[in-house]
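Presented below is the structure to which this report refers.
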Amino acid sequence: MTSQRKTYIIANWKMNFTPGQASLYLHRLSNRVQSSRNLQIVLAPSTISLQPLSLQINRRQFKLCAQNFYWRDFGPYTGETAISQLRGFVDYALVGHSERRYIFGETDKDIRAKVATAIRNDVTPILCIGETALERKNGETKSAITDQLLGGLHDVSDEDLRKVIIAYEPVWAISSNKHAKPAKPADIAEAEMLIRKQIARLYGQTTADAIPILYGGSVNASTAAGYLDIPGIDGLLIGDASLVADSFCSIIESAKGIIDER
Ligand code: PEP
């Protein structure tokens with residue numbers, strides 16, 4: 001990890017926990033996790049839990065993240081939630097998660113509109129990008145990552161790019177994938193370098209050096225430290241392992257240990 005950037009540990013609870021269960025979990029975490037200056041711990045519960053958790057949360061200890069939102073600010077969009085409705089509750093929002101791309105058919109056009117809408121509403125978008133198993137097999141990893149990155153950032157100005165976080169999440173490594181296998185540090189390092197190179201080409205080296213790049217995909221308590229040690233990786237996006245307080249707390253401890261060693 002590069003010393004001047006913060007470290008992010010982000011829990012994506014996906015479609016798990018009722019608001020009551022989420023509240024109980026937050027209560028448990030609050031008692032176990034100390035806030036730390038260079039570490040940002042972020043929780044992404046279901047939309048229904050955002051408002052109650054925002055009342056319960058100590059914002060110096062944790063921040064909240066939306067898992068999803070619609071890119072329009074208001075209007076006749078039955079069943080949707082606008083980021084303008086969530087902005088008081090969340091500091092971050094996931095955009096382009098592979099489950100949104102491949103289960104719900106979100107396109108690069110939807111994703112770029114969401115990135116721009118989040119920034120306009122003072123919410124930091126966490127743009128998730130990553131190749132599928134087939135793209136990797138066909139030697140299309142670099143073009144898949146580049147296309148998703150440039151597609152998502154299409155409408156983002158130099159100044160606004162500083163409000164964006166990128167999460168590299170190879171789809172084949174995400175635990176919800178039937179044949180998921182953990183990514184190798186060398187593959188992650190290569191993707192991180194490609195992402196920073198593309199950002200430097202478009203926005204300049206200083207901006208590329210400043211943007212946080214996270215990794216996500218089957219991270220657990222025993223593998224977290226190894227992933228956090230990859231140069232240029234600024235944190236982790238965690239699905240399955242964030243659902244159990246013990247494993248999520250161990251991951252946070254690993255991150256603290258690495259920050260302290262710097
Ligand atoms: C995710 O879906 O963003 C993710 C990283 O999930 P998991 O940790 O379960 O692979």
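Atoms within a ligand are numbered from 1 in the order they appear, just like the ligands themselves.
- Interface atoms of ligand 1 facing G217, defined by a heavy-atom separation under 4.0 Å, are 5 (C), 10 (O).
- Residue C249 holds its SG atom at 11.5 Å from CD1 of I9, rounded to the nearest 0.5 Å.
- A salt bridge links E106 with K114: the closest approach of a Lys/Arg side-chain nitrogen to an acidic carboxylate oxygen falls below 4.0 angstrom.
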Inset, instruction - Decide side-chain contact (heavy atoms from CB on, under 4.5 Å) for D234 and T7; before the verdict, give the C-alpha distance in whole Å, the side-chain angles of both, and the deciding distance to 0.1 Å. - result: CA-CA 5 Å; D234 302 304; T7 300; 5.8 Å; no
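- Against a heavy-atom cut-off of under 4.0 Å, D240 is close to the following atoms of ligand 1: 7 (P), 8 (O), 9 (O).
- Between E131 and the choices K137, R136, K142, the salt bridge (Lys or Arg N to Asp or Glu O under 4.0 Å) rule is met once, by R136.
- From the protein, the heavy atom lying nearest to atom 2 (O) of ligand 1 is K14 NZ, 2.5 Å.
- Close approach to L237 involves these atoms of ligand 1, each under 4.0 Å from a residue heavy atom: 3 (O), 5 (C).
- Taking a 4.0 Å cut-off on heavy atoms, S218 registers as neighbouring ligand 1.
- Residue E169 approaches ligand 1 through these ligand atoms, each under 4.0 Å from one of its heavy atoms: 1 (C), 3 (O), 4 (C), 5 (C).
- Nearest non-hydrogen protein atom to atom 9 (O) of ligand 1 is S175 OG, 2.4 Å.
- Less than 4.0 angstrom separates some heavy atom of I174 from each of these atoms of ligand 1: 2 (O), 6 (O), 10 (O).
- Taking a cutoff of 4.0 Å between a charged side-chain nitrogen and a carboxylate oxygen, D246 and R28 do not qualify as a salt bridge.
- Salt bridge status for R100 with D110: absent, with no side-chain N to carboxylate O gap under 4.0 Å.
- Given atom 8 (O) of ligand 1, the protein heavy atom at minimum distance is G239 N, 2.8 Å.
- For atom 1 (C) of ligand 1, the closest heavy atom belonging to the protein is H97 NE2, 3.2 Å.
- The aromatic rings of Y168 and Y215 sit tilted, their planes meeting at an angle between 30° and 60°.
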